[in-house]
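Note on naming: letters A, B, ... go to the chains in the order of the sequence lines (proteins, then strands), and numbering restarts at 1 for each one.
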Amino acid sequence: MTPEEAIAEQERLRPLVRPWADPDLNVRYVAGLDVSYADDDRLAGAVVVLDVETLYTVDTAVVLGTADFPYLPGLFAFRELPPLVRALEKLSVTPDLLVCDGQGLAHPRRFGLACHLGVVTDLPSVGVAKTPMGRFEQPSEERGSVTDLVEDGEVVGRALRTREGVKPVFVSVGHKIDLDRACAEVLRLCVVRLPETTRRSDALGRAQLR
DNA sequence: GCGACAG
DNA sequence: ATCTTGTCGC
């Protein structure tokens, strides 16, 4: 697939994004997804499902693969989506929400990894990125404070302070959830700066490459 | 033309 | 993404 074809694919799928929650959305099992890279082009896609009430891990899956698409800003999903979908297929527990390592609507074409993964799986999803794609004001220092993340004059996500005195993370809607809910769900996954979902899937993926 | 650009 | 445990500072 060429970058031009990838962009066309994003434009084709973008209308399928539903940036609101089903009335009956109840989040108990949350999946964190991440891809780790080796020195060569091997990679590991990892997913960890935890019970949001206890933060206990209830299911995990890892797959080994190769990087078949380069990292290009705006086309990140075409590199990470294949191993992540394969990992999701290995789960025994169906997650209620996917927490992705990257952007959702906070994307130049409003179709970041979290949107793509949400649409492909038809599961609610949110993007949690460590660096922003857009402009934002610094949220105040206390845990839970937020500011808008703005791109092209529209609010595409939020900067969320997940712990006092740390850099914010950048939350955007992926699919089948609204921004308020997305921020609330992410915040309750955070013991330190990054959500436990992200931390555990990251650890699982890198361990698999050893 | 130049800089910016998730992981 | 990756290099990476203990250590410095609030």
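- Between the side chain of A:K90 and the backbone N or O of A:V62, at least one donor-acceptor pair lies under 3.5 Å.
- In terms of modelled atom types and a separation under 3.5 Å, the side chain of A:R193 and the main chain of A:R163 share no donor-acceptor contact.
- No engagement by A:L33 is indicated, since no non-hydrogen atom pair under 4.0 Å with the nucleic acid exists.
- Evaluation of A:Y71 against the base of B:dG7 yields a stacking contact (centre distance < 5.5 Å, interplanar angle < 30°).
- Between A:R206 and C:dC3 there is a side-chain N or O to OP1 or OP2 distance below 4.0 Å.
- Atom NZ in A:K130 sits about 9 Å away from atom C1' in C:dA1, given to the nearest Å.
- Comparing C:dC10 with C:dG6, their P atoms sit 22 Å apart, to the nearest whole Å.
- In this entry the distance linking CG of A:L72 with C1' of B:dC5 reads 10 Å, nearest Å.
- Between A:L75 atom CG and B:dC5 atom C1' there is a gap of 11 Å when expressed in whole angstrom units.
- Across C:dT2, B:dA6, B:dG7, the shortest atom-to-atom separation from the side chain of A:D202 is found for C:dT2.
- Within the 6.0 Å centre-distance limit, the rings of A:H116 and A:F78 are counted as a close aromatic pair.
- One N or O on the side chain of A:D59 and one on the backbone of A:S92 form a donor-acceptor pair closer than 3.5 Å.
- Base contact: A:G74 has a heavy atom under 4.0 Å from a base atom.
- Under 4.0 angstrom from either OP1 or OP2 of B:dC5 there lies no side-chain N or O belonging to A:T131.
- Across all strands shown, A:L43 has no heavy atoms under 4.0 Å from either base or sugar-phosphate atoms.
- What separates CE of A:M133 from P of B:dA6 is a distance of 5 Å, to the nearest Å.
- Atom-to-atom, CZ of A:F78 to P of B:dG7 comes out at 18 Å; the value is rounded to the nearest Å.
- A straight line from CZ of A:R135 to C1' of B:dA4 spans 13 Å, rounded to a whole angstrom.
- A:F76 places its CZ atom 21 Å from the P atom of B:dA4, with the value rounded to the nearest Å.
- One interatomic measurement links the two molecules: CG of A:L113 to C1' of C:dA1, which rounds to 14 Å at whole-angstrom precision.
- Counting only distance, with no hydrogens or angles, the side chain of A:R79 and the backbone of A:L72 share no donor-acceptor pair below 3.5 Å.
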